[in-house]
Amino acid sequence: MASVLHDVRILIVDDHRNMRTLIKAALYGLGFSKLFEAADGRHALEVMSEARPDLVITDFKMPEMNGLDFVTELRRDAANPFTEVPVIMLTGHTDLHVVRACLRAGVNEFLAKPFTAQALLDRIRRCAEEDRPFIRSAAYTGPWPRMSQVEGLSEAS
């Protein structure tokens, strides 16, 4: 399994260098080695073509462009070759309205800080193993929502 993980390209988006270092250490420990970094959503969009990520792990609250705006922009452009890349929102902001906003923006998985390497690996596996088609409509662009997400998305924020 380590050889499969070795080839996965992951873009880590967080404004705190120490958090990026912590996430990288966890990913290295899990067997991932092709890791790229960005300090905010705008920088992430700029490095996408160089990084060519198979997965993005992003924070929610960042200067310049936060994680929510980054995912919204990423999902918006159907011509972008990375528009369907799985995204894990890794954040300390876990209020229900934040979680719902992230799901509406097209985030694949949500993980609260502080996190464990096992919890991160579980989210990565779900992104890789779940057969959730990518949908694009006037109201939503992203992975097909799970039933619990559909119920949460229909509730008023």
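We count residues from 1, following the sequence as given. The shown structure was predicted, so the numbers you read here are calculated from the model rather than taken from an experiment.
No continuous path of hydrophobic side-chain contacts links Phe134 to Phe82 [ILVMFWY only; heavy atoms under 4.5 Å]. Taken together through direct or relayed side-chain contacts under 4.5 Å among Ile, Leu, Val, Met, Phe, Trp and Tyr, Leu55 and Leu30 form part of one hydrophobic cluster. Linking ILVMFWY side-chain heavy atoms closer than 4.5 Å, directly or via other members, places Val47 and Met65 in a single hydrophobic cluster.
Distance check, rounded to the nearest 0.5 Å: OG1 of Thr58 to CG of Asn66 gives 8.5 Å. For the atom pair NZ (Lys61) and NE2 (His93), the distance works out to 5.0 Å, reported to the nearest 0.5 Å. The CE atom of Met89 lies 6.0 Å from the CG atom of Leu68; values are rounded to the nearest 0.5 Å. For the atom pair Arg126 CZ and Ile88 CD1, the distance stands at 10.0 Å (nearest 0.5 Å). Going from atom OG1 of Thr21 over to atom NE2 of His16 covers 12.5 Å, rounded to the nearest 0.5 Å. Note that the CG atom of Leu120 and the CD1 atom of Ile57 stand 4.5 Å from one another [nearest 0.5 Å].
Residues Pro145 and Ile135 meet the side-chain proximity criterion, which asks for heavy atoms closer than 4.5 Å. Two residues are said to be in side-chain contact when any heavy atoms from C-beta on lie closer than 4.5 Å; Met48 and Leu74 meet this criterion. Annotation: side chain of Asn18 is not in contact with side chain of Leu22 (no heavy-atom distance under 4.5 Å). You'll find the side chain of Phe60 reaches within 4.5 Å of the side chain of Cys102, heavy atoms only. The shortest side-chain heavy-atom distance between Asp69 and Glu73 does not fall under the 4.5 Å cut-off. Residues Asp131 and Trp144 are not in side-chain contact: their nearest non-hydrogen atoms beyond the backbone lie 4.5 Å or more apart. Contact of the His43 side chain with the Met62 side chain is not registered, since no non-hydrogen atoms from C-beta on lie closer than 4.5 Å. In this structure, Val85 and Leu11 have side chains that are not in contact, with every pair of non-hydrogen atoms separated by 4.5 Å or more.
Test Val8, Ile10, Asp7 against Lys34 for side-chain contact (heavy atoms from CB on, under 4.5 Å) and you get one pass: Asp7.
Nearest heavy-atom pair across Ala44 and Phe70 is CB-CE1, 3.6 Å. Across all non-hydrogen atoms, the minimal contact from Pro86 to Asn108 is CA-OD1, 3.3 Å. When every heavy atom of Leu90 is checked against every heavy atom of Lys113, the shortest pair comes out as O-CE, 3.3 Å. Closest approach of Thr72 and Ala105 over heavy atoms only: OG1-CB, 3.6 Å. Here the closest heavy-atom approach between residue Pro63 and residue Asp40 is recorded as O-CB, 3.3 Å. When all heavy atoms of Ser49 and Arg52 are compared, the closest pair comes out as O-CG, 3.2 Å.
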Using the side-chain contact (heavy atoms from CB on, under 4.5 Å) rule, take Val56 and Val87 through it: C-alpha gap first, then chi angles, then the decisive distance, then the call. CA-CA 5 Å; Val56 175; Val87 177; 4.2 Å; yes
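The main-chain N or O of Arg75 is found under 3.5 Å from a side-chain atom of Arg136 such that the two form a donor-acceptor pair. Between the side chain of Arg104 and the backbone N or O of Tyr140, no donor-acceptor pair lies under 3.5 Å.
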